[in-house]
Amino acid sequence: MKKTTINKIVGTIVLAGVCEIGLLGVPAMIDLTRASDNPKVIEITAKKFEFSPSEITLKKGEPIILRLSSSDRVHGFMSKPLKIDTDIPADKTADVPVTPDAAGNFTVICDHYCGTGHGNMKMKVTVVE
Ligand SMILES: [Cu+2]
């Protein structure tokens, strides 16, 4: 009786281990698809020389998708502390999954030179607990 219980427990642990390995092995593309089932999607549009909305609030630990698009040309979308560094193409949307791991105020900048106002092209991200 005891042995059976232990076997069950061991079996469960092994199974859990296999599942985790399986998840880790899943390519990023599939992870994105899975993530988009649940997380909130925030649409952000870029154009010379602003992001709209220019300010968003996220919750620490809550996964969300930033759906980025541009209405004129290629822009960048970069924030080191939020671990985001992507380009926003001119002709299609880019989905960026984000799970903030710290509360605070962060700035996303356009890091793809787009003209004279490029240096001021920023977006504010507030992460609350
Ligand atoms: Cu720019």
Side-chain angles (χ1 to χ4, degrees):
M1 192 64 186
K2 260 189 178 171
K3 208 175 175 187
T4 315
T5 314
I6 290 169
N7 273 341
K8 266 188 191 165
I9 293 169
V10 170
T12 309
I13 291 169
V14 169
L15 261 181
V18 169
C19 282
E20 267 175 36
I21 291 164
L23 277 179
L24 287 174
V26 172
M29 276 295 288
I30 295 175
D31 260 356
L32 264 181
T33 316
R34 289 165 53 100
S36 66
D37 286 347
N38 296 315
K40 201 166 85 177
V41 174
I42 299 177
E43 296 192 3
I44 296 163
T45 310
K47 69 169 191 209
K48 291 181 186 178
F49 299 98
E50 60 186 27
F51 295 104
S52 175
S54 60
E55 208 171 320
I56 59 170
T57 300
L58 307 178
K59 218 173 162 194
K60 181 182 160 185
E62 188 180 280
I64 51 119
I65 303 279
L66 300 179
R67 184 154 293 158
L68 311 173
S69 61
S70 168
S71 58
D72 48 21
R73 51 156 292 140
V74 179
H75 291 282
F77 195 82
M78 198 274 273
S79 170
K80 256 193 187 153
L82 292 172
K83 301 179 188 77
I84 304 169
D85 186 2
T86 189
D87 277 353
I88 309 175
D91 50 352
K92 57 182 180 190
T93 59
D95 278 6
V96 178
V98 181
T99 307
D101 57 9
N105 295 314
F106 306 98
T107 303
V108 175
I109 60 162
C110 171
D111 66 337
H112 194 119
Y113 184 77
C114 57
T116 49
H118 167 78
N120 287 319
M121 187 164 170
K122 293 177 176 136
M123 195 182 96
K124 189 179 159 193
V125 179
T126 305
V127 178
V128 295
E129 290 281 349

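Note that the coordinates shown come from a computational prediction; the quantities given were computed from them, not determined experimentally.
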| Check: D72 side chain, K48 main-chain N or O, donor-acceptor pair, under 3.5 Å | yes
| message | For a quick test of reading the model, state the closest non-hydrogen atom pair linking P89 to S70 and the distance between them. | response | O-CB, 3.6 Å
| remark: Only residue of K83, K59, K60 satisfying salt bridge (charged side-chain N to carboxylate O under 4.0 Å, His left out) with D101 is K83
| query | So do S69 and E43 actually touch side chain to side chain, heavy atoms under 4.5 Å? | reply | no
| task | Decide whether I64 and M78 are clustered together by the hydrophobic rule: side chain heavy atoms of Ile, Leu, Val, Met, Phe, Trp, Tyr closer than 4.5 Å, transitively. | result | no
| note | The reported gap from NE2 in H75 to OG1 in T86 (rounded to nearest 0.5 angstrom) is 13.5 Å
| said: Please find the pair of heavy atoms, one from H112 and one from G76, that lie closest to each other, and give the distance. | reply: CB-N, 3.3 Å
| Hey, mind stepping through F106 and V127 against side-chain contact (heavy atoms from CB on, under 4.5 Å) and telling me if it holds? | CA-CA 8 Å; F106 306 98; V127 178; 3.5 Å; yes
| message | With clusters defined by side-chain heavy atoms of hydrophobic residues (ILVMFWY) lying less than 4.5 Å apart, directly or transitively, does M121 cluster with I42? | response | yes
| task | Look up atom CG in D111 and atom CG in D87, then write down how far apart they are to the nearest 0.5 Å. | result | 6.5 Å
| request: For residues F51 and M123, report the shortest heavy-atom separation together with the two atoms involved. | output: CD1-CB, 3.7 Å
| request: Dump the intermediate steps for side-chain contact (heavy atoms from CB on, under 4.5 Å) on S52 and K47, then the final yes or no. | output: CA-CA 8 Å; S52 175; K47 69 169 191 209; over 6 Å; no
| said: Once rounded to the nearest 0.5 Å, what's the spacing between atom CG of D85 and atom NZ of K80? | reply: 8.5 Å
| Test side chain to side chain contact (heavy atoms under 4.5 Å, CB included) applied to L66 and I88, I56, L82, V41, the passing residue | I56
| query | In a check of side-chain hydrogen bond (donor to acceptor under 3.5 Å, both in side chains) between R67 and each of T45, T93, D95, which one passes? | reply | D95
| query | Does one hydrophobic cluster hold both L68 and F49, with members joined at side-chain heavy-atom distances below 4.5 Å? | reply | yes
| remark: For C110 and H118 the tightest heavy-atom approach is O-CE1, 2.9 Å
